[in-house]
Q: 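Take a look at the following structure, please.
Computed from a prediction, not measured in an experiment: that's the story for all the values here. Atoms within each ligand, like the ligands themselves, are counted from 1 in listed order.
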Amino acid sequence: MISVEEAWQIIQSCKPNYGEISVPFEDALGRVLAEDIRADRDLPPFNRVAMDGIAIRYDDYLRGNRHYAVSQVVGAGDAPPDKLDKNTCFEIMTGASLPSCTDTVVPYEHLNVKDGTAEILKEVTHKGQNIHFQGTDKKSGTLLIKPGIRIGPVEISVAASVGKSGILVKKLPKVAIFSSGDELVDVDKVPLPHQIRRSNSHLIRAALKQTGIDTAMVHLADNKENIQEALEIAVQENDILILSGGVSMGKYDYLPEALESVGVKKLFHKVKQRPGKPFWFGSFGEQGVVFALPGNPVSTHFCLVRYVLPWLEETLGNQSRPPILAVLDEDFTFEPPLQLYKQVKIFQNETAQLMARSVVNKGSGDFSSLLEADGFLELPADQQVFKAGEKFRFWEFRH
Ligand code: AMP
Ligand code: MG
């Protein structure tokens, strides 16, 4: 049996490349950027008026003039006029391009404007006040967004502002999800007393949907031939297979054997961890991978949070976030030589430390306990006694 770190290294050593695709910028939300986004002009592109008021020449003000005849009103979007008589001003609006014959903006709050004359009531602090000068945010050509960013609303707005109507993003893999087990029935069915509704496949599908990936879903009955047939097709049609159930020691746990029989190469089976010990991982073809997750719902969820989702993020080139640490809030002992991922609820204490409190649960079959947890606290396999106040890595699944 291998350690969590070894398992993670093996998974990370699979680095498929699904390529890139250009999408309309409105559809790029949530996708991973695959090109440089640069400023196509200076930002701002002209000397932008930053307050509604009047534009004057500072020299006129220095010579003592406080009354300015308004020669013209200049709105945002107007081409700036190029002439201004001595001791006159433009009434000018935020967002307008500052006429080059003026150099200072006095806001309405400091003026009394009456009968076509603006009187300055408050001291002008400096030449150039209330002007957002051309190129002071970014120069034309500056790299604004690097590839590997997951595109959010701010990135969409910046792309729009520099005229990127089409954006190159990472292509998404084709993923199929499999549930397995004769005890499982569809969500809309009433289960017989000895049956349950299938839920893991919906968990996996929803988690992938959050990363922008749509998935196909297939159910495998506990029948060797049927499983083999379904997997044979699946490896031809998909980049990634995610299975749940059927990988433990049971009589009907056919998946490891069936996967190998359709040409999936086993890279590991079983990891020194709780939950999720029977986790099976393999590869096929040029860049296909198979995550066969143990069927207990908490195990499936844990393997998804600890391995599948972080690997997908890395594979798509998304820059990984620094690990989060949380402080254990009670003493705890765990003796088996397994890395324990404890379900915890997170809260901030009075000194703003992130604290982790255990969520009571009945083991890896107790999926309803996940409703109370925010994530898993990683308690290392080589430690048995864990003290309140010690910091450990926190794998968040609820934001
Ligand atoms: P297995 O790994 O197939 O031995 O399954 C372990 C436990 O997880 C059993 O109690 C199964 O009924 C349950 N299980 C397996 N697959 C699912 C699923 N898709 N949804 C809900 N429970 C499942
Ligand atoms: Mg089963």
Q: Please write down residue, atom name and distance for the protein heavy atom closest to atom 9 (C) of ligand 1.
A: Glu183 OE2, 4.0 Å

Q: At a 4.0 Å threshold, what atoms of ligand 1 neighbour a non-hydrogen atom of Gly245?
A: 1 (P), 2 (O), 3 (O)

Q: So, 4.0 Å and heavy atoms of Gly246: is ligand 1 close enough to count as a contact?
A: yes

Q: Residues in salt bridge (charged side-chain N to carboxylate O under 4.0 Å, His left out) with Asp36, at least two apart?
A: Arg38

Q: Between Ser299, Gly250, Gly295, Ser244, flag the one that comes closest to atom 14 (N) of ligand 1 by a heavy atom.
A: Gly295

Q: In the protein, what heavy atom is nearest to atom 4 (O) of ligand 1, and what distance, to one decimal place, separates them?
A: Asp253 OD1, 3.9 Å

Q: To check your reading of the model: name the closest protein heavy atom to atom 6 (C) of ligand 1, its residue, and the distance in Å.
A: Asn296 N, 3.6 Å

Q: For the residue pair Glu390 / Gln383, report whether a side-chain donor-acceptor contact shorter than 3.5 Å exists.
A: yes

Q: Short N/O distance, under 3.5 Å, between Arg198 and ligand 1?
A: no

Q: With only distance considered, is Asn200 within less than 3.5 Å of ligand 1 through an N or O on each side?
A: yes

Q: Going by the atom numbers of ligand 1, which of them fall below 4.0 Å from some non-hydrogen atom of Ile196?
A: 12 (O), 22 (N)

Q: For Glu257, is there an ion pair with Lys224 - N to carboxylate O distance below 4.0 angstrom?
A: yes

Q: Report yes or no: do Gln129 and Thr104 form a side-chain donor-acceptor pair below 3.5 Å?
A: no

Q: Decide whether Asp366 and Ser364 meet the rule of one side-chain donor and one side-chain acceptor closer than 3.5 Å.
A: no

Q: Nearest 0.5 Å please: distance from the CD1 atom of Ile151 over to the CZ atom of Phe25.
A: 11.5 Å

Q: For the residue pair Thr117 / Asp115, report whether a side-chain donor-acceptor contact shorter than 3.5 Å exists.
A: no

Q: Going by distance only, is there an N or O of Pro294 that falls short of 3.5 Å from an N or O of ligand 1?
A: no

Q: Is there at least one pair of N or O atoms, one from Ser179 and one from ligand 1, spaced under 3.5 Å apart?
A: no

Q: List the closest protein heavy-atom neighbour of atom 21 (C) of ligand 1: residue, atom name, distance to the nearest 0.1 Å.
A: Ser199 OG, 3.4 Å

Q: For the CG atom of Leu220 and the CG atom of Leu255, what is their distance to the nearest 0.5 Å?
A: 6.5 Å

